[in-house]
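Heads up: the structure comes next, in structure tokens.
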There are 2 protein chains.
Amino acid sequence: MNGRHSGRPTLEEVAVRAGVGRGTVSRVINGSPRVSDRAKAAVEAAIAELGYVPNRAARALAGNRTDAIALVIPEPETRLFAEPYFSDIIRGIGAELADTDMQLLLTFIRTPKERARFGQYLAAHRVDGVLLVSVHEDDPLPDLLEQLEMPAVLNGRRSDLESVSYVDADNVGGARAAVAHLFARGRRTVATITGPPDMYVARCRLDGYRQAVEAAGSAGASSELVARGDFTEEGGRRAMRELLVRRPDIDAVFAASDLMAAGARQVLRESGRQVPSDVALVGFEDSAIARHMDPALTSVRQPTEEMGRTMARVLLEEIAERASVRRHVVLTTELVQRDSV
Amino acid sequence: MNGRHSGRPTLEEVAVRAGVGRGTVSRVINGSPRVSDRAKAAVEAAIAELGYVPNRAARALAGNRTDAIALVIPEPETRLFAEPYFSDIIRGIGAELADTDMQLLLTFIRTPKERARFGQYLAAHRVDGVLLVSVHEDDPLPDLLEQLEMPAVLNGRRSDLESVSYVDADNVGGARAAVAHLFARGRRTVATITGPPDMYVARCRLDGYRQAVEAAGSAGASSELVARGDFTEEGGRRAMRELLVRRPDIDAVFAASDLMAAGARQVLRESGRQVPSDVALVGFEDSAIARHMDPALTSVRQPTEEMGRTMARVLLEEIAERASVRRHVVLTTELVQRDSV
DNA sequence: AGCCTTAGTGGGAGCGCTCCCACACCCTCA
DNA sequence: TGAGGGTGTGGGAGCGCTCCCACTAAGGCT
């Protein structure tokens, strides 16, 4: 059944059926304006009658393109895959691609070997473009992409100076709003648990915290109130313990991720403090964890699905136009109020 | 830069460089045994020197295959995407595919239009095989796949009679173990909150519950102790309320999903009951929610990543051998004990 | 009327592979 | 010594498209 000639109609057969040439059928399929209405109608009828579907491989070979983009997920993040954050981004990407006939390739990069292989993929132009999630500051992939002139869009950026196109959330603004909210609720001693300082996103959230502290006219951002975490639950616990030692009088904590907030809450409870009556708590990301914490965690939501959509849209634009104009998009965040503050 | 001839070496160029014919190079690349060691070495050297990477499109066109498989995610489940369950499955699939040069295509099916389009994809043989997650009983896709003789593997099955290849977890055994554990801890009145009865997985978990109840020599599975949920948190709340009305003396609940367990716990707390002292609680899936509930939820873990790996492996086998031998794999589950029982 | 444009069209050439036939070449055996 | 089998090999013929050149027909201008 699966023989050499599978009986599927080809463009040539459509042409015969429609009584036109191969070129005309190709033009109709690709939406060229240089086709008469009569020919177009005939071709469309023939396509419908025959149930013709273009052969992707032939198209790719002849056209020197692939109609496929890769979504690259580096190893350290494959865990994060479980987060609504990622899945929403992917949903967004999928939604944006639905009307296209771009294919979405999922690519995990775990080992240096896989990284090298992916480099070859790129060099061999097996995809028309690349979507990169959660890039680290020292990730060489974006530079490789740029060098190969391969259209690419990052989710987040590596630094202020990011040159490759990216779509990011307003981390500074989100953090600022969260901390401002704590002050507005009458909290005075607002601490923060940061992400790893070598991650741009972590620095942004810390900046937001500092801005809010300053705006509140508080005694300036005392460095005693800043503890370093690493975006993990355990890191959140460690940082919280540290903060309680340094400043037992803390009455609010802004954690730069929900997971760290969860860790912090455990430590707070162990120390006999109630949330929110003794210490208010705000997280970042608005993940499932936030909703299911006790009390439910107030957190900063990023427009994740929209970010995914935007990433895809931006990439498609970059692929469409040959020239490589970089695009930088920053989407606003929103504070989701629950019971922890 | 991206011109017609991109300067990438072709198989022909490799042949010239190695001083052999095109056919020989092809044979080396495809691992044919009918090549002399001398020729093989020469070709491999030439490939390395030139940095040759086969052109996928040309290969697909000439070989009538695609070296790609699709992972299909139907709409109602795109939300579940956020669950570790899915992401682990995908991770497993990715891991298994890493050593292959199979590509993984992500395909969401949201609308009937998209479903139709995907049918065309299949008919046009744009993929070599299909991985299907969370199929519903009335899902026509598996039958379509079978009819098209397209290799396919389901995650879970539609019924006992499932004919298409599948990889499933031992839902019956997992549920049985969970409920047996409740009895072993001295609970007497063990209720269950089921999934929707039109889902095979829900029926399996209910079966497991019944088996354990019978084995415990309890007064048989009183239908009073079985409440119907729908795998959602709200469904869990509703079912729990119902159970408390029918049997206020319940001292344990087995929820067929963690999300329903979370809903149940809320209702239990509202009714003034403590978990686990008054009522013990067990979930299913071992999701992030389970770990972050208060108290942490004892739950049945499925070997999700292993399921993903197995799905990919089975699919690759099915693609490799032309004949369509169906494979049915059931992997064991494990009770993860936490604080809710 | 003659010329130039433009819209619309057909089909050759080629994209880079795999498949497979034909052809050496070597060894065996009678 | 010759027929009969392997092995290993080269290269023609496609796979189904897109690109582009050549061509026709219909109009617009002087």
Side-chain angles (χ1 to χ4, degrees), chain A residues 2-43 46-47 50-68 101 123-126 128 322, chain B residues 2-43 46-47 50-68 101 123-126 128 322:
Chain A
N2 222 337
R4 199 93 185 88
H5 186 249
S6 34
R8 261 169 282 131
T10 68
L11 182 142
E12 186 101 44
E13 295 172 55
V14 172
V16 171
R17 177 86 171 211
V20 299
R22 235 173 45 247
T24 301
V25 177
S26 178
R27 262 166 244 135
V28 171
I29 290 169
N30 293 294
S32 158
R34 303 236 160 290
V35 187
S36 66
D37 290 346
R38 237 171 50 76
K40 192 174 167 201
V43 169
I47 287 176
L50 265 41
Y52 169 75
V53 182
N55 180 314
R56 210 182 183 86
R59 223 172 188 185
L61 180 58
N64 197 35
R65 66 204 166 110
T66 62
D67 287 339
D101 65 348
H125 284 259
R126 282 190 176 175
D128 293 341
R322 304 262 115 182
Chain B
N2 220 335
R4 200 89 185 89
H5 185 249
S6 34
R8 263 169 280 135
T10 69
L11 183 142
E12 186 101 43
E13 294 172 56
V14 173
V16 171
R17 177 88 173 210
V20 299
R22 234 172 45 247
T24 301
V25 178
S26 178
R27 260 165 245 136
V28 171
I29 290 170
N30 294 293
S32 159
R34 301 238 161 294
V35 186
S36 67
D37 290 345
R38 236 173 48 75
K40 192 174 167 198
V43 169
I47 287 176
L50 265 40
Y52 169 75
V53 182
N55 180 315
R56 210 182 183 86
R59 225 174 186 180
L61 180 57
N64 198 32
R65 65 203 166 110
T66 62
D67 288 339
D101 65 347
H125 284 259
R126 281 190 178 173
D128 292 342
R322 302 264 116 182

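Residue numbers start from 1 in every chain, and the chains themselves are labelled A, B, ... in the order their sequence lines are given, proteins ahead of strands.
Qualifying salt bridge (charged side-chain N to carboxylate O under 4.0 Å, His left out) partners for A/Arg59, counting only residues two or more places apart in sequence or in other chains: A/Asp101.
Set against D/dG10, C/dC17, D/dT18, the side chain of B/Thr10 has C/dC17 as its closest nucleotide. Considering only side-chain atoms of B/Arg22, the nucleotide from D/dT18, C/dG16, D/dG12 that sits closest is D/dG12. Nearest nucleotide to the side chain of A/Arg27, out of D/dT18, C/dA7, D/dC20: D/dC20. Counting only heavy atoms from C-beta on, B/Ala62 has its side chain closest to C/dC17 among D/dG16, C/dG8, C/dC17. The listed nucleotides are D/dT7, C/dG8, C/dT18; the one nearest the side chain of B/Ser26 is C/dT18. Comparing C/dG10, D/dC17, D/dG8 by their nearest atom to the side chain of A/Arg59 picks out D/dC17.
Residue contacts shown for A/Ala60 are absent, as no nucleic acid heavy atom lies under 4.0 Å away. If you check every strand for non-hydrogen atoms under 4.0 Å, A/Ala15 touches nothing.
Taking atom CZ of A/Arg65 as the reference point, atom C1' of D/dC19 lies 12 Å away to the nearest angstrom. The CG atom of A/Leu61 sits 4 Å away from the C1' atom of C/dC15 (whole-angstrom rounding). Here C/dC19 presents its C1' atom at 15 Å from CD1 of B/Ile29, a figure rounded to the nearest Å. Here C/dG8 presents its C1' atom at 12 Å from CG of A/Asp37, a figure rounded to the nearest Å. Rounded to an integer number of Å, the gap from A/Asn64 CG to D/dC17 C1' is 13 Å. Summarising the geometry, the separation between CZ on A/Arg34 and C1' on D/dA26 is reported as 15 Å, rounded to the nearest angstrom. Between B/His125 atom NE2 and D/dC15 atom C1' there is a gap of 15 Å when expressed in whole angstrom units. Rounded to a whole Å, the CZ atom of B/Arg38 is 14 Å from the P atom of C/dC25.
At distances below 3.5 Å, not a single donor-acceptor pair connects side-chain atoms of B/Arg56 with backbone N or O atoms of A/Ala124. A side-chain donor-acceptor contact under 3.5 Å links A/Arg8 to the backbone of B/Ala123.
In terms of position along DNA chain D, the nucleotide closest to B/Thr24 lies nearer the 5' end than the nucleotide closest to the other residue of the pair B/Thr24 and A/Leu11. Each of B/Gly23 and B/Asn55 was matched to the nucleotide of DNA chain C holding its nearest heavy atom; the match closer to the 5' end belongs to B/Asn55.
Closest heavy-atom contact between B/Thr24 and B/Ala39: CG2-CB, 4.0 Å.
Note that OG1 of B/Thr66 and CG of B/Leu61 are 12.5 Å apart. Values are rounded to the nearest 0.5 Å.
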